[in-house]
Trainee: 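First the structure, which I've put down as structure tokens, then a few questions once you've had a look.
First listed ligand is number 1; within each ligand, the first listed atom is number 1.
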Amino acid sequence: MRSDYCGDLGVDDVGRKVTLCGWVARRREHGASLAFVDLRDRSGFVQCVVDGAADLRSEYVVRVTGTVRLRPEGTENPALPTGAVEVGQCTVEVLSAAEPPPFPLSEHVDVDENQRLRYRYLDLRRERLQRNLRLRAAVNSAVRTAMERQGFLELETPLLIASTPEGARDFVVPSRLKPGSFYALPQSPQLFKQLSMVGGLDRYYQIARCLRDEDLRADRQFEFSQLDVEASFVDAVDIRRFVTEAVLAAAETVTGERPSFLPDLTWHEAMERFGSDKPDVRFGMELVELTPLFASTTFNAFRAPCVKAIREPQGAVQRSRKQLDDLVEQAKRWGAKGLVWMRVESDGTVASPVAKFLDESELRGIVEATGAEAGDLVLVVADERPLVRHVLGLLRLNLGRPPVNEGGLHFLWVVDFPLFEGIDPETGGPVPAHHPFTMPHPDDLAGLGGPGEPVPPADVLLGARSQAYDLVLNGWELGSGSVRIHRREVQSRIFELLGIGAEEAQRKFGFLLDAFRYGAPPHAGFAFGIDRLVALLAGEENIREVIAFPKTQSGQDPLTNAPGEIDERQLRELGLRVLPRT
Ligand code: ASP
């Protein structure tokens with residue numbers, strides 16, 4: 001139907017007769033008898049000069065035939081890639097008329113998100129989504145190519161499955177043929193990729209859809225896509241190399257260059273320096289250790305297991321007393337008992353509500369340790385170590401984090417995660433930091449004991465590291481993975497420590513445990529979120545901007561009205577009854 005895309009035309013095409021198809025983006029009258037029509041298709045816009053009598057309104061779908069010519073001198077539009085030319089002497093065929101769109105499709109108009117999602121097919125015509133979705137397709141393609149280059153085989157895994165233990169709530173699907181029974185939708189292909197290793201496939205990858213029923217946020221949707229990877233006879237370093245290659249290929253496709261990875265951080269170091277296991281290293285303001293300085297202080301509030309500070313350069317100059325008070329309140333909402341602020345004055349002295357309780361050497365010690373200079377703000381938290389790191393980590397982001405599209409791409413690996421993230425106060429047992437198939441760190445394995453042995457004390461459990469690692473980009477967790485347990489006695493011990501009895505283990509993951517009886521290769525894997533990677537590469541704060549048909553924050557689809565009710569007959573077939581809402 002057409003000879004060219006609108007956005008491809010330029011001075012080289014002058015004199016050519018072209019046929020274009022697209023939407024009327026804008027129409028301006030030019031004198032009594034002519035009109036300028038900006039024609040839009042996937043590639044961009046071009047100006048067409050048409051007969052002013054033609055009935056061409058916004059978003060009409062048309063086919064235009066005309067001749068490319070230079071725009072008259074002085075009327076070029078350098079902001080538009082095709083702005084040097086126009087298509088003249090046009091004949092126009094209307095392929096489809098259109099009602100006025102419910103909101104302007106111009107890039108420059110802010111539209112309520114609910115409206116955008118209700119009319120997503122119109123929103124998709126806008127430049128931002130066109131650009132983001134093209135970028136997404138390029139990323140997917142680069143990732144696939146990189147994995148295939150590295151010998152990985154694409155495998156599709158089922159959507160209707162038994163539950164996968166990723167720690168979120170399952171979406172479930174009732175079975176018609178077996179009323180009262182349910183499939184779960186995969187939170188990830190975890191169990192299948194491990195089975196495919198037992199099946200000798202050696203290197204698996206898939207851009208997999210995963211579904212998790214958890215609260216939605218800017219970086220989280222019910223359904224998302226991840227590059228899912230598993231390989232046999234490899235260690236954690238090999239897996240990180242494979243994945244590094246894939247994300248660098250993706251970044252290069254978008255930016256034209258391969259960013260370099262920063263050195264790996266251990267989980268412990270990330271927590272101590274940034275107060276986060278997904279550190280945003282685009283800016284400084286690292287957490288500074290002050291605990292030894294206050295080992296024998298007379299100031300009670302600082303006689304705590306951990307005292308740390310962050311320094312905001314010139315923060316004291318910028319922030320009013322009211323803002324400082326707000327920071328204190330904020331820190332309390334995050335769980336701190338208090339937050340001490342200190343201002344370094346131009347004469348080097350320290351002003352702070354608590355200055356009078358600290359002696360000279362303590363005040364000097366804080367200034368030296370933080371490197372604070374005149375005008376800087378120092379914020380101190382004293383408490384249990386995890387809480388101090390948590391609160392200062394959040395404050396650091398709150399005060400210093402640059403916008404998403406600034407500061408370049410800072411990829412890094414966080415390694416040596418703890419095996420357990422805490423002790424469950426109800427059961428007294430440890431809570432896994434990852435799924436239960438994660439291999440403990442070789443140096444910490446012996447300390448966990450073997451099947452049937454007594455449970456080690458809490459400090460041994462909480463000190464145990466795993467062979468799990470996360471990929472972080474600009475403070476976003478892109479994904480995680482681990483070396484897996486392939487030995488039955490280690491898996492039994494981990495289940496035992498997690499309070500998963502033999503019977504429960506058999507019921508939930510019996511098929512995997514059975515498979516491991518028939519020769520399981522050592523294997524390891526990883527998964528990272530495509531939506532998050534694409535959002536960061538596109539400079540978007542919210543992954544909804546890189547998903548063609550996302551859900552709202554409350555999990556609704558205003559376009560199709562999902563989730564919706566189903567009729568009585570369907571319910572009967574499924575053996576279901578809906579209870580009245582209480
Ligand atoms: N299954 C994990 C996830 O989806 C990733 C992995 O361990 O490979 O987060």
Trainee: Report the part of Glu477 (side chain from C-beta onward, or backbone N, CA, C, O) that has a heavy atom under 4.0 Å from ligand 1; answer both or neither where that applies.
Mentor: neither
Trainee: Relative to the heavy atoms of Ser188, which atoms of ligand 1 are at a distance of less than 4.0 Å?
Mentor: 1 (N), 4 (O)
Trainee: Asp228 versus ligand 1: do any nitrogen or oxygen atoms come within less than 3.5 Å of each other?
Mentor: no
Trainee: Between ligand 1 and His434, can you find any atom pair, the residue atom being a heavy atom, that is separated by under 4.0 Å?
Mentor: no
Trainee: How long is the span from the NE2 atom in His523 to the CD atom in Glu230, to the nearest 0.5 Å?
Mentor: 5.0 Å
Trainee: Look at atom 5 (C) of ligand 1 and say which protein heavy atom is nearest, naming residue and atom and giving the distance to 0.1 Å.
Mentor: Ser480 O, 3.2 Å
Trainee: Could you check which of Glu230, Lys193, Arg212 puts a non-hydrogen atom nearest to atom 8 (O) of ligand 1?
Mentor: Lys193
Trainee: Counting neighbours of CD on Glu453 that are heavy atoms of other residues, nucleotides or ligands and sit closer than 6.0 Å, is the number greater than 12?
Mentor: yes
Trainee: Looking only at side chains, do Asp416 and Tyr469 share a donor and an acceptor under 3.5 Å apart?
Mentor: no
Trainee: Determine whether the aromatic ring centres of Phe152 and Tyr204 lie less than 6.0 Å apart.
Mentor: no
Trainee: Distance from Arg116 atom CZ to Leu129 atom CG, nearest 0.5 Å?
Mentor: 5.5 Å
Trainee: Listed by chain and number, what are the salt bridge (Lys or Arg N to Asp or Glu O under 4.0 Å) partners of Asp219, not counting sequence neighbours?
Mentor: Arg217, Arg532
Trainee: Can you confirm whether or not the ring centre of Phe242 sits under 6.0 Å from the ring centre of Tyr205?
Mentor: no
Trainee: Using a 4.0 Å cutoff against the non-hydrogen atoms of Gly481, which atoms of ligand 1 qualify?
Mentor: 6 (C), 7 (O)
Trainee: Hey, what do you get for OG1 (Thr255) to CG (Leu248), rounding to the nearest 0.5 Å?
Mentor: 9.5 Å
Trainee: For Gln226, counting its heavy atoms only, list the atoms of ligand 1 lying under 4.0 Å from any of them.
Mentor: 4 (O)
Trainee: Just to confirm my output: which protein heavy-atom neighbour is closest to atom 2 (C) of ligand 1, and how far is it?
Mentor: Glu166 OE2, 3.3 Å
Trainee: Please could you name the atoms of ligand 1 that Phe526 approaches to less than 4.0 Å, counting only its heavy atoms?
Mentor: 8 (O)
Trainee: Is it the case that ligand 1 has an N or O less than 3.5 angstrom from some N or O of Gln187?
Mentor: no
